[in-house]
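Worksheet: one structure, shown below.
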Amino acid sequence: MELKTMICPHCGARLKIKQSGSIKCEYCDSDIFIEDSDINSVPQQNLSTEINSEVLKKWQTKRKVFIAVHFFCVFMGWFVGMRDVSDGAMVLFLLAGFSTFLLFPVLTAFSKPLSDAERAGFKKGKAVLREYLVMLLAGIIAFMTGAILGCIGVG
């Protein structure tokens, strides 16, 4: 069977498909279901929709590191704050957590590699908001975990 290419509806990456059923995008890990009738109707896509996979993987790694650093700062701020340690350490970690919350989403949103097709529909505000929501969720989880563990005296 001839290989066809299609565009991932989630990240815009160019995918090669050869059979119907469920496939996983190798770039964003989204599950995509393709029916038999879809395979024959999938048009060949031009190369302008292709994203360099190495660049995308580096961006994903950088994003995970940013989230981990933000999580650590917020967690340590509340963990230290709930224990009898110096107030200076708590303030330092909370300032670091707040700073990473303000800075990292902007850096990740604007450094994400985009294909030509994605770039045409790219909305900066929407991308930054999405990254802020990811950081907010990580911060809430870190806050709750640090406060609970600090309060019960673990560690």
Side-chain angles (χ1 to χ4, degrees), residues 3-35 38-39 41-82 89-151:
L3 282 177
K4 296 270 188 167
T5 58
M6 70 173 283
I7 301 304
C8 173
H10 303 282
C11 71
R14 185 173 179 213
L15 306 174
K16 293 181 179 162
I17 55 172
K18 60 182 172 186
Q19 63 186 19
S20 62
S22 182
I23 64 168
K24 186 176 271 295
C25 176
E26 62 185 277
Y27 302 103
C28 69
D29 291 330
S30 297
D31 289 319
I32 305 164
F33 185 76
I34 302 169
E35 295 181 17
D38 292 339
I39 285 217
S41 65
V42 171
Q44 290 291 336
Q45 303 291 336
N46 61 23
L47 292 176
S48 65
T49 58
E50 190 170 344
I51 298 174
N52 183 335
S53 64
E54 288 303 313
V55 173
L56 186 60
K57 286 178 183 178
K58 284 180 184 178
W59 177 83
Q60 289 170 336
T61 301
K62 179 172 74 170
R63 183 178 188 227
K64 288 175 186 173
V65 168
F66 282 174
I67 291 169
V69 168
H70 175 66
F71 182 92
F72 177 77
C73 291
V74 174
F75 170 81
M76 287 304 292
W78 288 105
F79 183 72
V80 167
M82 299 305 287
M90 179 186 80
V91 170
L92 181 67
F93 278 118
L94 290 178
L95 282 175
F98 186 69
S99 299
T100 58
F101 176 74
L102 292 177
L103 182 63
F104 288 171
V106 175
L107 292 175
T108 55
F110 288 124
S111 66
K112 182 178 181 187
L114 301 171
S115 67
D116 291 342
E118 281 183 308
R119 202 170 288 117
F122 181 69
K123 295 188 177 17
K124 293 177 184 177
K126 198 174 187 180
V128 171
L129 179 63
R130 183 177 30 244
E131 295 301 321
Y132 270 117
L133 291 174
V134 168
M135 286 292 179
L136 182 62
L137 179 62
I140 289 170
I141 293 169
F143 163 79
M144 291 174 25
T145 306
I148 290 169
L149 292 178
C151 192

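By convention here, the first residue in the shown sequence is residue 1. The shown structure was predicted, so the numbers you read here are calculated from the model rather than taken from an experiment.
Within the 4.5 Å cutoff, the side chain of Val128 has heavy atoms near those of the Phe110 side chain.
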Review item, side-chain donor-acceptor pairs of residues 67-79, under 3.5 Å, at least two apart:
from, atom 1, to, atom 2, distance (Å)
His70, ND1, Gly97, O, 3.2
His70, ND1, Thr100, OG1, 2.7
His70, NE2, Met135, O, 3.2

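Listed by first and then second residue, the salt bridge (Lys or Arg N to Asp or Glu O under 4.0 Å) pairs that reach into residues 128-144 are Arg63-Glu131, sequence neighbours excluded.
The side chain to side chain donor-acceptor pair (under 3.5 Å) test applied to Lys62 returns Ser111, not counting sequence neighbours.
The CZ atom of Phe143 lies 9.5 Å from the CG atom of Leu94; values are rounded to the nearest 0.5 Å. Note that CG of Leu129 is 16.0 Å distant from NZ of Lys124, once rounded to the nearest 0.5 Å.
In this structure a side-chain-to-backbone donor-acceptor pair under 3.5 Å is present from Tyr132 to Leu102.
Atom CZ of Phe98 is surrounded by 12 or fewer heavy atoms from other residues, nucleotides or ligands within 6.0 Å.
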